[in-house]
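Residues take their numbers from the sequence shown, with the count starting at 1.
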Amino acid sequence: MLTGRESLIRLIGKRRRFLPHRQSLISSPSQGSLDLRKGENVGEMTVAEEGSSEKHLGGGGDNDRIGSVVETCAADFVTCPVCGNTVPGGDYMINSHLDTCLARGTKRKLRQRTLLQLNFSSQSKVGIQSSELDQVGVHLVQRAPDNILCDTIRKLHDCVGANRDNTTQCKALMNSESVLSTDSSAENKITYDINCGADSPTLLPENKMPKYEMNETMDDMSGQLLKTFVVGRKFSEEVMLYLGANISLLRDPNNIKDSNAIKVVYAESGCYKMLGFIPRELAQYLSPLMDKYLLSFEGCVTSIPEHSHDVLPIQITCQNEIFSGEKECDNLQVVRSLWENAFRVAESAKTHPLGMAKYQQNFSVLIQEVLRSYPHLFSCDEKIIFETFTSLSDDSQRLFVRLYTRKGPWFRISNLSYPEISDYNQAIKELSATGYMCAVESISDLQDNDLKEVLYLLTVSELREVLCKLKKKCKPGTRKQDFVALLLSSYADGLCPVLPNVVLEKTGPCVQISLSTESIIWRAERLFFLNGEQDLSAFLLVDLGIIKYPNYNCIISKQIFSSRDDFLAYEEAIEVAQVMDQSLDENSTEFVWRCIEVSDSRISNSSHEETRSLTSESPAAFLSCFSAAWVYSKVVLLGVSFLERERRYKDAIILLKQLLKHFTSDRRRGYWTLRLSIDLEHVGCLNESLSVAEDGLLDPSVRAGSRMALQRRVLRLGKPPRRWKTPSFSESVKRKITEVHVQGRPLNCRTGTKSRFYGEDGEQCGVEELAMQYYGGEGGSWQSVHTESGIWLTIFGLLLWDAIFADVPDVFRTRFQTAPLDLGTDSFYEVRKTILEPILVKIYDGAAEEILITSWETHLGTSCRGVNWDRHSLSELRAAVTCIGGPCLASFCRHLAQDYRTWSSGMPDLLLWRFHGDYRGEAKLVEVKGPNDRLSEQQRAWLLFLMDCGFNTEVCKVSPAPVSE
């Protein structure tokens, strides 16, 4: 796989069906530093060819079908006065499009002076822009409750991008309480604290909740009613309930799904029968009150549900007096906080239907959180789409979420079967009327672009029947895609014009999510999770207890995207990345070149301020991965690998120089510099190649393996007469690493394949297992694990857990993070230095095992980047940290904290240890190499660093035993 391909795939995540900017990206000329089609036998693409190629890549779609609610509203698009095409109405998009139009030499419809004076946008930008917020000191007030579904979607002040026709709707949206409140102090930053408990379903702040009336003091808490409901009724026992039946709360700390679980039991006549559980979101606040402060709660049933398994409304009260003796101020404050949070969770639950499906709740949470956190990134019409969703019936909401999470894009109505949806026809009718869904019931509704996708709804047997009906021959064993291709080819040639009718007879009515709605929901998902790898299934994994996220506070002091234009530019960059990825899959070289040219052009045209903000010197440099320029750099880097594979080294050199010019403090500069030096050598520019390598060694961003590789290149290329003086690092690079040679009986030792040997027990094994057998026997009776980076990252995560999840502004933004956003940057260590150093001192002094045990017992099963709970046992980890010793372990953890991204790979394969007595031992790190294998520069850098820290390291070379004649 090309270098950078996997990283780009992770960045893209789930591919989008509809890319709104695809046509303009493909058709507009680039203003980059190279034209990859020069010198190649590739003619200029005609408009027709571009359109057909676009359909081939899956970017087609009927513009009239893009949605009936907004159709990417007029407020978001303007007409270009040069070419007459419709383009996105943001300043960034307008300027980029005008640049390309004017560079193309298209005949202008307006004079230059008129163009300069023209106001392209019909938008009345009444919203508060981020720069204005900074000037007036706006304070974002989070008013939502914690740990339960949010209030209904907040209506927002800033209807950015609303046109005159939407003024009435915008005013209606402004009637409710605003999310923004201005502060006269210009020093106030945009901040809010969010408590992201592992069991919390939302990102809502604990200390910024809605104000509910609580007239009772803490002394009167015992008389306060808390209204909630019983869930998990399917686990209940048979009980004849009646209105006012007495209930009690009992803790269930051994519950495997939730250690905070609280059972609700029927408590009359000495009979205790379980009715279910208190909601998880409420239990996390009541359980500490019951466990630590020994409070008890009783209550009664307030309503009898229609069905036995429906949620059961109840009300409860505290039966204890709070601190009747001398009151302890700290305990009083903790109890007050827990009770107030529980009260607010219960109050907020009143605004949501009790029968709402869990996935329906999760989708609502996603929408509400995004609108609360990023109101300035959505136009007024887009907010109306979200607002419309909350007014849909339960059936419509459930059907939409169900279909959105499925592969699609088309679905046969006859195949839809969800027990919680009672009326499909009414739900589809409502969703179609509001533009959330497109339905096909007759031939007039079916577009040519949809025919292929609808054909894939048919089974292979149904496709055979269609072919037989159309009197087409089909061979036995033909694949489904071949059937579809045959039918489409015949239809395109006019041989079977009745194909749409025949297909619809088979499928019956079909539906799909409208493209405009899908595009807006994609934006919401991207903003909620801040990556492309997570989606709504993340909620499900938490609900099922499969994944547990760590506890941390989200302290947000600045927006990721300062304006809507920035976000749209980022979205467009993701589209280019997706087109690049699809083009590589389909071997479409023309489109690969086009994506490289577009990305190079965007980087070249990016402002100095934009690229400067991506440097590691910036206090929030870790947010640079959410910029368009950073995404384009990923595409260009993949393009470099593609061009090198094609042996187009001169073009690769141009791109690498562009990257090094515009990203002056990027961690990837080491790899870029190395590739530039290598490519220059490929084209015969040895002097320049040497100069690039020498300059790279002066770059503080060049580290670890890349630095080692450049040093070796300087030594190789810098011989007389090019260079007469030997570099000062020559002795360091030539340092010898201890080697051990092990022989084994080979199964295969072919170059390019993983070597296999017969082990001492006669079973097949790899070179690492063979080395472990050697060290466990004649090599010194070592205990060992094959770890590579695994055990080291696990030890690092467990020892420094408190520092990793410390309260640092802007590094935690969602409840679905397993690490802070700045973990791979220099700022991780610098910002937490006062937290990290005391921990490292304790590790140095020998307290590592104690810290490890405490962290393991406290956080067992909680997700953390690098920590693998299943692969390594606590006994293995304790043995490892004990035998390694405090000084070595402290040096290792400090080094990884200072540069996690660069040093988190390339660690030695084996960790060996053995004890001398009960509490003393020694450890050894071994890199194993098979026949025809050698150390990478990253592995060499690691081994030399570990030697400097005092580790016992060596390289074990496995080779075939000589055959006796």
Show your reasoning for whether side chain to side chain contact (heavy atoms under 4.5 Å, CB included) applies to R723 and E694. CA-CA 11 Å; R723 299 289 186 274; E694 291 173 332; 2.9 Å; yes

Looking at F663 and A629, what are the two nearest heavy atoms and their distance? CZ-O, 3.5 Å

With a 3.5 Å distance limit and no angle check, can you tell me whether T862 reaches the backbone of H859 through a side-chain donor-acceptor pair? yes

Heavy atoms, side chains only, cut-off 4.5 Å: are Y775 and V740 in contact? yes

Between H872 and L798, is there a side-chain heavy-atom distance shorter than 4.5 Å? no

Do Q773 and D761 have side chains that approach each other closer than 4.5 Å (heavy atoms only, starting at C-beta)? yes

Side chains of Y649 and R647: closer than 4.5 Å at any heavy-atom pair? yes

Using a 4.5 Å cut-off on heavy atoms from C-beta on, say whether the side chain of P931 contacts that of P960. yes

May I ask you to decide if G4's main-chain N or O and S7's side chain share a donor-acceptor pair within less than 3.5 Å? no

Option from L8, I574, I12 for which side-chain contact (heavy atoms from CB on, under 4.5 Å) with V631 holds: I574

Does any part of the side chain of R713, heavy atoms only, come nearer than 4.5 Å to the side chain of S689, both counted from C-beta? yes

Would you call the rings of W942 and W903 parallel, tilted or perpendicular if under 30° counts as parallel and over 60° as perpendicular? perpendicular

Donor-acceptor pair, distance only, cut-off 3.5 Å: does the side chain of Y632 make one with the backbone of A577? no

For the salt bridge (Lys or Arg N to Asp or Glu O under 4.0 Å) test, which of K736, K924, K929 pairs with E954? K924

In Å and rounded to the nearest 0.5 Å, what is the CG to CG distance from L877 to L852? 5.5 Å

Where do E927 and P908 come nearest, in terms of heavy atoms and distance? OE1-CA, 3.2 Å

Rounded to the nearest 0.5 Å, what's the gap from CD on Q817 to CZ on F812? Could you check? 6.0 Å

Taking atom types as modelled and ignoring hydrogens, do the side chains of S557 and D810 form a donor-acceptor contact shorter than 3.5 angstrom? yes

Any side-chain heavy atom of Y758 within less than 4.5 Å of one from L747? yes

Are the side chains of Y900 and L793 in contact, using a 4.5 Å heavy-atom criterion? yes

Side-chain (R832) to main-chain (F828) donor-acceptor, under 3.5 angstrom: yes

Can you name the closest pair of heavy atoms from A880 and I795 and give their distance? CB-CD1, 4.3 Å

E533 backbone acceptor or donor facing N531 side chain under 3.5 Å: yes

With a 3.5 Å cut-off and no angle check, do the side chains of R668 and S633 form a donor-acceptor pair? yes

For the side chain of T794 and the backbone of G790, is there at least one donor-acceptor N/O pair under 3.5 Å apart? yes

Enter the distance from D845:CG to L840:CG here, rounded to the nearest 0.5 Å. 11.0 Å

Take E837 and R894, measure what salt bridge (charged side-chain N to carboxylate O under 4.0 Å, His left out) needs, and give me the verdict at the end. CA-CA 8 Å; E837 284 303 328; R894 180 180 289 106; 3.0 Å; yes

Pair L912, Q783 - check side chain to side chain contact (heavy atoms under 4.5 Å, CB included), show working. CA-CA 6 Å; L912 315 178; Q783 297 183 62; over 6 Å; no

Looking at Y844, I'd like to know if its OH atom is crowded, meaning that more than 12 non-hydrogen atoms belonging to other residues, nucleotides or ligands lie closer than 6.0 Å. no

Which pair of heavy atoms, one from T902 and one from Q938, lies closest together, and at what distance? O-NE2, 2.8 Å

Just how far is it from atom OG of S706 to atom CG of L697, taken to the nearest 0.5 Å? 10.5 Å

Which pair of heavy atoms, one from M580 and one from I596, lies closest together, and at what distance? CE-CG1, 3.9 Å

Looking at every heavy atom in both L799 and C893, which two are closest together, and how far apart are they? CD1-SG, 4.0 Å

Is the number of heavy atoms from other residues, nucleotides or ligands under 6.0 Å of E6 CD greater than 12? no

Taking the inter-plane angle between the rings of W801 and W869 on a 0 to 90° scale, is it parallel (under 30°), tilted (30 to 60°) or perpendicular (over 60°)? tilted

Does G780 offer a backbone N or O that forms a donor-acceptor pair with the side chain of R914 under 3.5 Å? yes

Can you classify the ring geometry of F951 versus W792 as parallel (below 30°), tilted (30 to 60°) or perpendicular (above 60°)? perpendicular

Taking R722 for its side chain and N687 for its backbone only, find out whether a donor-acceptor pair lies under 3.5 Å. no

When rounded to the nearest 0.5 angstrom, what is the spacing between CZ in R878 and CD1 in I853? 3.5 Å

From CA spacing to verdict: salt bridge (charged side-chain N to carboxylate O under 4.0 Å, His left out), D581, R5: CA-CA 8 Å; D581 184 44; R5 182 78 188 276; 2.7 Å; yes

Neighbour count >12 (heavy atoms, 6.0 Å) for atom CD, E739: yes

Point-to-point distance, once rounded to the nearest 0.5 Å, from CG of L655 to CG of D600: 5.5 Å

Main-chain N/O of S936 paired with Q939 side-chain donor or acceptor, under 3.5 Å: yes

For the side chain of S677 and the backbone of T673, is there at least one donor-acceptor N/O pair under 3.5 Å apart? no

Step by step, work out the side chain to side chain contact (heavy atoms under 4.5 Å, CB included) result for V958 and S755. CA-CA 10 Å; V958 179; S755 299; over 6 Å; no

Please test F729 against M708 for side chain to side chain contact (heavy atoms under 4.5 Å, CB included), starting from the C-alpha separation and ending with a verdict. CA-CA 10 Å; F729 53 77; M708 183 72 63; over 6 Å; no

